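Notes for the one structure printed next.
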Amino acid sequence: MNDHAAAVITHEGLGGLIAGLRAEGFRVIGPRLRDQAIVYDDIESVADLPAGWTDEQEGGHYRVRRREDAALFGYNVGPHAWKRFLHPPLLRLWRAERSADGMTVTATSEPAERYAFLAVRSCELHAIAIQDRVFLQGPYVDPHYKARREGAFIVAVNCGQAGGTCFCTSMNTGPKAEEGFDLSLTELLGDRHEFLVEVGSERGAALLAAVPHRPAERQDAAQAANAVARAEGNMGRHMRSDDVRELLLANLEHPRWDDVAERCLTCGNCTMVCPTCFCTAVEDENDLAGNAAERKRRWDSCFTMDFSYIHGGSVRSSGRSRYRQWMTHKLANWVDQFGTSGCVGCGRCITWCPVGIDITEEVRAIRGEGGSDGRA
Amino acid sequence: MDRLGERAPVMAPDAMLPLIARVARRVRELPDTWTLDLVAADGGPLMRYAPGQFTMMYAFGVGEIPVSVSGDAADQTRLVQTVRAVGKVSEAVTRLAAGDTLGLRGPYGTAWPVAEGYGRDVVVVAGGLGLAPLRPALYQLQAERKRFGKLVLLYGTRRPEDILFRRQLANWRRQLDMEIEVTVDHAGAAWRGHVGVVTRLIPRLGIDVDNAMALVCGPEVMMRFAASALNDIGVPEEAIHLSLERNMKCAVGLCGHCQFAGSFVCKDGAVMRYDKVRRLLGLKEI
């Protein structure tokens with residue numbers, strides 16, 4: 001196998017990839033236009049992809065709009081992250097039943113889906129790698145994540161443009177997908193609308209071999225490189241990240257935390273859209289007779305009061321402490337816990353914050369580099 | 001193409017799945033505090049654990065809470081845990097009678113480093129129910145008494161009637177060659193012991209501070225002042241160990257709730273060294 005050996009496919013070839021994955025029993029998930037947003041959902045064919053759509057993103061602002069061309073991957077990232085499939089928002093863990101001499105507990109028996117993800121951005125590949133560290137590489141493994149992750153087939157897509165809140169170049173997570181995929185696509189827009197395909201695994205090569213393709217020529221590679229360079233050049237945001245851990249840990253009592261607390265609604269949107277936020281709560285559901293109970297796990301957010309509740313009250317009762325918790329965890333303490341930043345620069349937390357709080361701007365303010373405008 | 005499908009999803013064992021334990025004995029310690037002796041549902045031993053570790057106790061249909069082990073780790077025939085009824089789960093757990101079952105996961109977390117005290121003086125400082133997580137360490141100090149220098153237990157509670165393990169304290173005082181000082185916040189005329197916070201007893205400690213170890217467990221504010229007072233009299237920060245409390249849901253470092261700056265209290269604690277947490281304890285809402 002020649003790693004990253006490039007080929008070129010057309011819409012027909014892309015359709016073949018989707019059909020091939022479906023024929024192999026994968027549930028193919030990819031971008032679709034739904035409810036005025038580009039979300040990740042089941043894909044049956046190329047016709048399901050958001051042809052000719054892009055998104056416009058700013059702090060607290062997201063709109064889809066028409067492109068002038070028919071690009072299939074001409075948007076950036078939407079409100080969904082792949083974690084909703086690998087680390088489901090709601091999951092039944094086990095069921096307890098009363099028995100003659102006490103109780104029995106039965107593990108959930110629902111089989112995990114075999115997913116194929118289509119159009120995973122470089123920042124998202126990094127986010128998946130970060131969640132791999134959280135769920136697979138510690139002293140305890142999350143078996144639910146493991147079952148979903150291990151078989152997953154990943155088709156990456158390189159960005160040909162950056163969104164208004166993107167800053168992957170600052171976090172060294174893109175825009176070019178370098179590893180962690182089975183196949184990687186770069187959309188070649190022009191007279192011939194095609195896709196450059198790079199191979200990242202043997203099973204990727206096997207899938208590509210089964211669909212119509214031609215070898216990539218030098219100009220195809222050059223056009224793909226240009227597309228990525230274009231994305232690299234128009235990042236909507238920037239953040240100096242080399243010393244951000246030390247910066248934040250040295251400023252846990254900075255007045256800026258009060259300032260951001262004035263604006264933050266503690267709604268938790270940033271944690272829901274973040275592709276790496278992993279916190280969960282557990283809750284019990286009982287049947288009316290009280291003979292059976294189900295334990296469920298659901299996404300939780302460090303912005304809720306319940307999150308840090310211990311007998312007597314919440315440890316972090318102020319909005320100031322909760323925003324500080326989230327941001328210092330993401331950018332600083334994550335490094336101590338998992339050997340990597342928890343931020344991939346996807347910009348979702350900026351876009352989906354209802355009041356447009358901008359993590360890059362907050363870092364700049366703590367750094368003492370004024371300028372209330374978070375734009376690059 | 002067949003290689004695409006080589007890997008079907010497989011579920012590994014789930015750390016979130018409890019085993020079933022049975023209450024062998026239930027003892028009332030205080031009006032709201034009970035000690036449960038637990039065995040496996042079939043009557044056999046449950047789990048091996050070290051002093052300072054905790055389990056997740058599940059009351060059927062109500063929920064799950066972290067509870068420190070309060071028994072003797074050398075006695076692996078039963079798991080002893082002391083629970084105060086302060087919420088709906090702990091209320092349900094303390095209502096369990098002998099023969100009842102509950103779910104149990106663990107043991108989890110770090111242990112009191114009792115062996116580090118060999119050849120040294122050992123000070124144990126407990127506040128309120130904090131005596132329960134320290135009791136396994138006291139059992140070990142008792143079992144290996146000759147290996148330690150001077151032993152001191154400083155114990156503070158709100159009122160004389162809140163003193164936990166009262167008879168055992170009297171026995172230890174008699175048999176263990178251990179100095180035991182009990183202090184209360186409020187007392188009636190019948191109380192002849194100390195009154196005031198436990199930290200006030202620390203400056204009077206007659207120990208070899210350069211060669212001492214301290215184990216501290218209680219409310220966070222009490223631990224902060226106690227550790228600081230111990231350090232003030234010369235006990236090195238690295239020789240002071242605290243047991244921290246945060247919200248714990250999974251106990252295996254995956255749910256995020258018990259985060260304490262760069263640590264997860266469930267797996268990096270609950271027992272942590274003072275030099276690692278001193279700065280954070282001085283900040284609010286970490």
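Remember, it's a predicted structure, so these values are computed and weren't measured experimentally.
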So, the part of B:Y108 with a heavy atom under 4.5 Å from chain A: the answer is side chain
Could you tell me which portion of A:S318 (side chain, backbone, both or neither) has an atom closer than 4.5 angstrom to a non-hydrogen atom of chain B?
both
So do B:R22 and A:D101 actually touch side chain to side chain, heavy atoms under 4.5 Å?
yes
Chain A contact via B:S90 - side chain, backbone, both or neither, heavy atoms under 4.5 Å:
neither
Say whether, by atom type as modelled, one donor and one acceptor occur between the side chain of A:R297 and the main chain of B:C255 under 3.5 angstrom.
no
I want to check something: taking the side chain as every heavy atom from C-beta on, are A:V315 and B:R246 in contact at a cut-off of under 4.5 Å?
yes
Is A:E97 close to chain B through its backbone or its side chain, or both, or neither, when contacts mean heavy atoms under 4.5 Å?
backbone
Any ion pair linking A:R295 and B:E64 (charged N to carboxylate O, less than 4.0 Å)?
yes
What part of B:L254 gets within 4.5 angstrom of chain A, counting heavy atoms only: side chain, backbone, both, or neither?
both
Which atom of B:G61 lies closest to which atom of A:A293, heavy atoms considered
CA-CB, 3.7 Å
Check the orientation of B:H257 and A:F307. Use parallel for under 30°, tilted for 30 to 60°, and perpendicular for over 60°.
parallel
Has B:E245 got a side-chain atom pairing as donor or acceptor with A:I310's backbone, closer than 3.5 angstrom?
no
Between B:Y58 and A:V105, is there a side-chain heavy-atom distance shorter than 4.5 Å?
no
N/O donor-acceptor pair under 3.5 Å between A:W94 side chain and B:P18 backbone
no
Evaluation steps, side chain to side chain contact (heavy atoms under 4.5 Å, CB included), between A:D142 and B:M16:
CA-CA 9 Å; A:D142 175 12; B:M16 295 295 277; over 6 Å; no
For atom CZ of B:F225, is the number of surrounding heavy atoms from other residues, nucleotides or ligands below 6.0 Å larger than 12?
no
Residue pair B:R279 / A:L252, side-chain heavy-atom distance below 4.5 Å:
yes
Could you tell me the separation between the NZ atom of B:K267 and the CD atom of A:Q337, rounded to the nearest 0.5 Å?
7.0 Å
Which region of B:I65, side chain (C-beta onward) or backbone (N, CA, C, O), has a non-hydrogen atom less than 4.5 Å from a non-hydrogen atom of chain A, or is it both or neither?
neither
Proximal component of B:Q259, with respect to chain A [non-hydrogen, under 4.5 Å]
both
